[in-house]
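Take a look at the structure set out below.
We use all heavy atoms of the structure for the numbers below, so side chains are in, but hydrogens, waters and symmetry mates are not. Naming convention: chains lettered A, B, ... in sequence-line order (proteins, then strands); numbering from 1 in each chain.
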Protein chains: 2
Amino acid sequence: MADVAALAGVSKATVSRVLSGAPGVSEETRRRIKALVKDLSYVVSPDASRLSRGSTGRIAVVMPHTTSWFYGAVLAGVLSVLRAEGLDALVYQVADGTESRTFFADLPVQRRVDAVIVVAFPVTEHERRQLDLLGMPVVVAGGALEHHAHVRIDDTTAARQAVTHLIRSGHERIAMINAAVTREWPYAPPADRLDGYRTALEDAGLTVDPRLVVDLPWSGTMGADGMDRLLSLDRPPTAVFGFCDEVALGALRSLRRAGVSVPRTVSVIGIDDHPLAELCDLTTVRQPAEQQGARSAHLALDLLGGAPTGELHVTLPTHLVIRATTGPPEDS
Amino acid sequence: MADVAALAGVSKATVSRVLSGAPGVSEETRRRIKALVKDLSYVVSPDASRLSRGSTGRIAVVMPHTTSWFYGAVLAGVLSVLRAEGLDALVYQVADGTESRTFFADLPVQRRVDAVIVVAFPVTEHERRQLDLLGMPVVVAGGALEHHAHVRIDDTTAARQAVTHLIRSGHERIAMINAAVTREWPYAPPADRLDGYRTALEDAGLTVDPRLVVDLPWSGTMGADGMDRLLSLDRPPTAVFGFCDEVALGALRSLRRAGVSVPRTVSVIGIDDHPLAELCDLTTVRQPAEQQGARSAHLALDLLGGAPTGELHVTLPTHLVIRATTGPPEDS
DNA sequence: CTGTTAGCGCCTTCAT
DNA sequence: ATGAAGGCGCTAACAG
């Protein structure tokens, strides 16, 4: 910048003003400096700028992993909003317990970012306190956290929408394959979807048969495993509600391999509307993943702006998407 | 840091030495300062540190989108390596033509990072030149770029593995549903997979029937659309090779809806080994996405270290994964 | 409107 | 082994 100033015959201050669009520079010198800057293809050093300005111009996105659709979509939403605002995103992947421990112990985001967006992450009480003493805005996408802004869906409602659809189709023996929430697959509050399943049944005057609820730790094939278990029952269910689409797709595999007709003999429904759900003709409840990311980013920006103008706790709606894996039960 | 120095009764220089692990400090003062630092839970400002040191401690990851499995997996690989090295990742999503244009015009990564990892991105000649004048290491993951390091698979070979598997199973009328590469879905070199398809057929003494090659611009359902087209042929193929798993899964949907038995009447194969391929029992050729990310990150680190010790052009192997969507043709 | 003067927080010679 | 001083590149008061 010193060079530019010298070549333009002005002071660094003036160049700085031009580059930051600050007022108080004559149109003419402004034009001259701009031309020179373009000529030299000069760009300011954000770090130096931030050092003296105070803010980093970056925000951290913390997620357990980046591979599955949900996290990718949330990230996409965050990025598109931040880019528009000229902010950079630092992505931190905090997968297993070890990484989580060191992350919250070292808090590597300290002094590196102006705000943190935590994506669908089960935060312990201790970790929450760590987050608090970070002293910067924290917003949660796809979950909730005491004392902090968040954007999410209502998991209980989503589950009810799914199960109610099955009930309305005439089903009475409805099973649920539930994912025990772990560090590796934490993307919904532990019990919300199960609660939705239960209340939907109860509201319809149906009883909850504990044998029809399969609880498994997350794995790529847990949906298939869960379905196998259900198929080995004396009286298998006529419909299955999967914790999420990936679980439901796993259930479909077991049914296909077992030669069970879908939806004639067994109906299957999930939650998410994963892109591949469409290709598998899976009935599901859609949740807006990208929007959750985008709204979180907006919330973070608001918080940064100092004026939390809107609501700090956003719940986005979910919608039933009926495809080909659900239908009336065989004997009805 | 000034505070720490004052409280410890030493100079900032000493504190700095301790914090950066530099030699020339007595064990005793070192211990004392460390304790104090922990007490105050003080951390250095990376920005300030970098300002005076010169490097940013960050590297940029540029990808067309973050939603699909491949990109997420590559990102995961990159992140795990960088984290181990204490480097931060700035993620840039450059989706459509407009974003791409502004990205390469403004080069927002300038002065913000020490190196750039470009993920599976079709770079034009002009853009390549822009990248060159960035003056920092650029490595390509999942693709190749003149003058730059890269990590990828051999797409031609992968396609040959897939098609050869079909040929060995006895198929002769083998179709390909090819994704016309676009900005939105650029994750393989335009013609490589098609070439692999062709040479595999030719090597087996089979003729390439142009009617069996469907070229469609990328979309979520292009696999299904392509399959519909193939099914409407006078003599439909007995096997279909999809550009990638998502295309193959789309083909499966069309076959299922049309009541065509798989693999009895038509076999289907893809490339990727997408996590859901397993749930759909899809035969495919696996490519190591996460590894491509990890290796790219290592390459970037090497380049940063100044000593490009290893090979700068890495090609990772792919493997056939046989599942349930391929088998011998009906009449053989 | 423009230039001068201080820092921002840290690292790095060079002395001591 | 430690301290003092200068500078990294830029912005933010103040002056003019």
Starting from [atom2] on [N], measure out to [atom1] on [X] and report it in whole angstrom.
X: A/Asp47; N: C/dC10; atom1: CG; atom2: P; result: 14 Å
X: A/Met1; N: D/dG9; atom1: CE; atom2: P; result: 11 Å
X: A/Leu51; N: C/dC8; atom1: CG; atom2: C1'; result: 5 Å
X: B/Arg31; N: D/dA1; atom1: CZ; atom2: P; result: 14 Å
X: B/Arg53; N: C/dC8; atom1: CZ; atom2: C1'; result: 17 Å
X: A/Gln110; N: C/dG9; atom1: CD; atom2: P; result: 15 Å

Task: Residue whose closest nucleotide on DNA chain D lies nearer the 5' end, B/Ala48 versus B/Glu27 - done: B/Glu27

Task: DNA chain D: 5'-proximal contact among B/Lys12 and B/Arg111 (nearest heavy atom) - done: B/Lys12

Task: Pairing of A/Arg31 and A/Glu28 as salt bridge, 4.0 angstrom limit - done: no

Task: Side-chain ion pair, A/Arg111 and B/Asp47, N-O less than 4.0 Å - done: no

Quick check on [N]: is either OP1 or OP2 less than 4.0 Å from any side-chain nitrogen or oxygen of [X]?
X: A/Ser49; N: D/dC10; answer: no
X: B/Thr29; N: D/dT2; answer: yes
X: A/Ser45; N: D/dC10; answer: no
X: B/Tyr42; N: C/dC10; answer: yes
X: A/Arg50; N: C/dC10; answer: no
X: A/Ser16; N: D/dT11; answer: yes

Open item on the list: Ring centres under 6.0 Å, that's the criterion: do B/His126 and B/Phe104 meet it?
Closed with: no

Could you please name the option among [options] that lies closest to any side-chain atom of [X]?
X: A/Val25; options: C/dT2, D/dT11, C/dG9; value: C/dT2
X: B/Ser26; options: C/dC10, C/dT2, D/dT2; value: D/dT2
X: A/Ser11; options: D/dG3, D/dC10, C/dG3; value: C/dG3
X: A/Ser52; options: D/dC8, D/dG3, C/dC8; value: C/dC8
X: A/Thr14; options: C/dT2, C/dC11, D/dC10; value: C/dT2

- [ ] Identify the two heavy atoms, one from A/Ala89 and one from A/Leu82, that lie closest to each other, and give their separation to 0.1 Å.
- [x] CB-CD1, 3.9 Å

TODO: Examine distances only and state if a side-chain atom of B/Ser41 and a backbone atom of B/Lys38 form a donor-acceptor pair shorter than 3.5 Å.
DONE: no

Under 4.0 Å between any heavy atoms, over every strand shown, what does [X] touch: base, sugar-phosphate, or nothing? Just pick one.
X: B/Arg17; result: base
X: A/Val15; result: nothing
X: B/Arg30; result: nothing

TODO: Measure the spacing between NE2 of B/His150 and CG of B/Leu145 and express it to the nearest 0.5 Å.
DONE: 9.5 Å

